[in-house]
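Read through the structure below, which is laid out as structure tokens, and then see the notes.
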Number of protein chains: 2
Amino acid sequence: MIRLSKLTDYAVVVMTAMMQGDGGPHTAVSLAERTGLPAPTVSKILKLLARDGLMASHRGAAGGYRLARAPDAINVAQIIAAIDGPIALTDCVEGAPGACGVESLCPRRGNWDRVNRAVRGALEGVSLADMARPMFPDPVLPKAAPALPATADAI
Amino acid sequence: MIRLSKLTDYAVVVMTAMMQGDGGPHTAVSLAERTGLPAPTVSKILKLLARDGLMASHRGAAGGYRLARAPDAINVAQIIAAIDGPIALTDCVEGAPGACGVESLCPRRGNWDRVNRAVRGALEGVSLADMARPMFPDPVLPKAAPALPATADAI
DNA sequence: GCAATCCGGACCAAATCAGTACCCTTTAAG
DNA sequence: CTTAAAGGGTACTGATTTGGTCCGGATTGC
């Protein structure tokens, strides 16, 4: 199973919790209370998100975090990249010459990259606002199954 | 980084090696020699692929493995599912009620499922034949789409 | 100045994964 | 019929990664 880090799941939970505020900054501890997650973990997530520009942080007393952009301008791919690092399904693309034999002869590299691009495109198509939306039958996506037909063509 | 099991990468290498044969069955050790991978590992991969019906195995003396279908009828999603199990990015969808609080109130479940479907669809669009094809400039992707230049490298 | 808050590390325990080895069953060749 | 070759399955171990915690600083508002 392709696993997504649990931290990334938490990040979505935290970010959706921030959407519900009154617009003011949220402290790490208040978000931890609201989400039920351990405070240090929430702090770690917020730091990672801020480092990638998804959060605007304000230090000092009465400081806190704020979403850097509107929820529909933040997509899942960006969140994953902030928490888990670059989205790449395999590391055959770099280093480890012993595994593939001669790297220059390994024809899989470019093709894995194609797969990576397809997955990345799929993840970029889902915004934070989509994730926060309750999972009722979604009017925005009339056909749910072929969620992103554009990426299917792009492969 | 979303990581794909190294075994899955090896599986693609082994399967592409099988495509190059004369159509006869391949033994695990001969494939291990051709690919440079450890023999027990190759055997493990072949067993997993055979269990999911991607391989046809023939036991006994002069036995071996054979691709169950044509290379363009096998896609990457099937290989991943055979090696790594079902394709799901998060396990928030099941169990672990402590993490999400009350599961029935967690609105993320349905949305992660949507993401999972998108990724699965992307992976189903790449066949084994595509992976074996040398990585010539791809006419299907006209522009590299540096829509987000800052994050293009990071994602 | 003091307190609250973020920042950036290092650090440890737990889970997961890759790889290996062992033994059994099946099958074809001689 | 015997024998050996090959797959089938399971269990084990070492290494890597991950989740989570903690601490000392830096920064800002009161």
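Below, chains carry the letters A, B, ... as their sequence lines are ordered, and counting in each starts from 1. Everything numeric here is computed off the predicted structure, so don't read it as measured data.
In this structure, A/Leu67 CG and A/Thr16 OG1 are separated by 9.5 Å, a value rounded to the nearest 0.5 Å. Going from atom CD1 of B/Ile45 over to atom CG of B/Leu54 covers 13.0 Å, rounded to the nearest 0.5 Å. In this structure, the separation between OG on B/Ser43 and CG on B/Leu37 is 12.5 Å, given to the nearest 0.5 Å. The line from CD1 of A/Ile80 to CG of A/Leu123 is 4.5 Å long, rounded to the nearest 0.5 Å.
Following rounding to the nearest Å, A/Asp9 (CG) and D/dG19 (P) show an atom-to-atom distance of 11 Å. The distance from atom CZ of B/Arg66 to atom P of D/dG7 is 12 Å, rounded to the nearest whole Å. Rounding to whole angstrom units, CG of residue B/Leu31 and C1' of D/dA6 are separated by 13 Å. Rounded to whole angstrom, the span from the CD1 atom of A/Ile83 across to the P atom of D/dT18 amounts to 13 Å.
The backbone N or O of B/Ala77 lies less than 3.5 Å from a partner atom in the side chain of B/Asn75, making a donor-acceptor pair. A donor-acceptor distance shorter than 3.5 angstrom exists from the side chain of B/Asp130 to the backbone of B/Ser127, with no hydrogens or angles considered. The closest donor-acceptor contact from the side chain of B/Glu33 to the backbone of B/Ser30 lies at 3.5 Å or more, if one exists at all.
Here D/dG19 is the nucleotide among C/dG19, C/dC6, D/dG19 with the atom lying nearest to any side-chain atom of A/Lys6.
Note on A/Tyr10: every side-chain N or O is 4.0 Å or more away from OP1 and OP2 of D/dG19. Here A/Ser5 reaches the OP1 or OP2 of D/dG19: one of its side-chain N or O atoms lies under 4.0 Å away. OP1 or OP2 of D/dT21 has at least one side-chain nitrogen or oxygen of A/Thr41 nearer than 4.0 Å. Using a 4.0 Å cut-off, no side-chain N or O of A/Thr27 falls inside it from OP1 or OP2 of C/dC6.
Cluster annotation: A/Met19 and A/Met15 are assigned to the same hydrophobic cluster (Ile/Leu/Val/Met/Phe/Trp/Tyr, side-chain heavy-atom contacts under 4.5 Å, transitive).
Where A/Lys44 and A/Tyr65 each meet DNA chain C at their nearest nucleotide, the meeting point lying more 5' is that of A/Tyr65.
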Between the protein and nucleotides 28-30 of chain D, list the N/O to N/O atom pairs that are separated by less than 3.5 angstrom.
| residue | atom | partner | partner atom | Å |
| --- | --- | --- | --- | --- |
| D/dT28 | O2 | A/Ala61 | N | 3.1 |

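The shortest side-chain heavy-atom distance between B/Met55 and B/Met18 falls under the 4.5 Å cut-off.
For the segment residues 45-53 of chain B, no residue has any heavy atom less than 4.0 angstrom from an atom of DNA chain C.
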